[in-house]
Amino acid sequence: MIIDNVSSAQFDMIVLAEMLIIILSMVVPSIVFRFILDHDMSSKETGKQI
(Lines give C-alpha, C1' and ligand atoms only; values in the text may rest on other atoms or scores of the structure.)
Protein backbone atom coordinates (compact mmCIF):
# COMPACT_ATOMS: atom_id res chain seq x y z
CA MET A 1 0.00 0.00 0.00
CA ILE A 2 1.20 3.48 -0.79
CA ILE A 3 0.49 4.85 2.69
CA ASP A 4 3.25 2.66 4.11
CA ASN A 5 5.88 4.21 1.80
CA VAL A 6 5.06 7.95 2.03
CA SER A 7 4.58 10.49 4.79
CA SER A 8 1.18 11.76 5.85
CA ALA A 9 1.63 15.11 4.03
CA GLN A 10 2.67 13.36 0.81
CA PHE A 11 -0.29 11.00 1.08
CA ASP A 12 -2.66 13.97 1.44
CA MET A 13 -1.15 15.56 -1.69
CA ILE A 14 -1.56 12.30 -3.63
CA VAL A 15 -5.22 12.04 -2.61
CA LEU A 16 -5.79 15.69 -3.57
CA ALA A 17 -4.16 15.14 -6.97
CA GLU A 18 -6.31 12.06 -7.58
CA MET A 19 -9.47 13.98 -6.67
CA LEU A 20 -8.55 16.82 -9.04
CA ILE A 21 -7.91 14.38 -11.88
CA ILE A 22 -11.28 12.72 -11.34
CA ILE A 23 -13.14 16.04 -11.25
CA LEU A 24 -11.31 17.41 -14.29
CA SER A 25 -11.95 14.21 -16.25
CA MET A 26 -15.69 14.80 -15.72
CA VAL A 27 -15.78 18.58 -16.27
CA VAL A 28 -13.39 19.09 -19.19
CA PRO A 29 -15.13 16.74 -21.66
CA SER A 30 -18.50 18.34 -20.96
CA ILE A 31 -17.05 21.75 -21.86
CA VAL A 32 -14.90 20.62 -24.80
CA PHE A 33 -17.59 18.44 -26.41
CA ARG A 34 -19.85 21.49 -26.65
CA PHE A 35 -17.41 23.00 -29.17
CA ILE A 36 -16.35 19.80 -30.93
CA LEU A 37 -19.64 18.02 -31.57
CA ASP A 38 -22.28 19.17 -34.03
CA HIS A 39 -25.34 20.85 -32.58
CA ASP A 40 -28.80 19.38 -33.01
CA MET A 41 -30.90 21.17 -35.56
CA SER A 42 -34.07 22.91 -34.55
CA SER A 43 -37.36 21.84 -36.12
CA LYS A 44 -37.27 24.93 -38.33
CA GLU A 45 -33.84 24.04 -39.72
CA THR A 46 -34.93 20.43 -40.24
CA GLY A 47 -37.95 21.60 -42.24
CA LYS A 48 -35.72 23.76 -44.46
CA GLN A 49 -33.41 20.82 -45.20
CA ILE A 50 -36.27 18.50 -46.08
Side-chain angles (χ1 to χ4, degrees):
M1 291 180 50
I2 196 167
I3 198 165
D4 296 334
N5 299 325
V6 295
S7 68
S8 176
Q10 289 176 331
F11 182 74
D12 291 343
M13 292 299 286
I14 291 170
V15 171
L16 178 64
E18 290 174 351
M19 287 176 17
L20 287 173
I21 290 171
I22 291 169
I23 291 170
L24 286 175
S25 70
M26 292 175 8
V27 171
V28 170
S30 64
I31 294 171
V32 172
F33 286 162
R34 178 173 296 191
F35 299 107
I36 293 176
L37 299 176
D38 293 333
H39 296 284
D40 289 339
M41 290 188 285
S42 67
S43 59
K44 192 183 296 184
E45 291 172 340
T46 305
K48 286 180 184 178
Q49 275 195 343
I50 293 176

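By the criterion of side-chain heavy atoms lying less than 4.5 angstrom apart, applied directly or through intervening Ile, Leu, Val, Met, Phe, Trp or Tyr residues, I21 is not grouped with M13; the two fall into different hydrophobic clusters. Under the 4.5 Å side-chain contact rule for hydrophobic residues, I36 and L24 share a cluster. Each of F33 and I22 belongs to its own hydrophobic cluster when Ile, Leu, Val, Met, Phe, Trp and Tyr are linked at side-chain heavy-atom distances under 4.5 angstrom. The hydrophobic clustering, which links ILVMFWY residues whose side-chain heavy atoms are closer than 4.5 Å, places I14 and M19 together.
Atom CZ of F11 is separated from atom CG of D4 by 10.0 Å, given to the nearest 0.5 angstrom.
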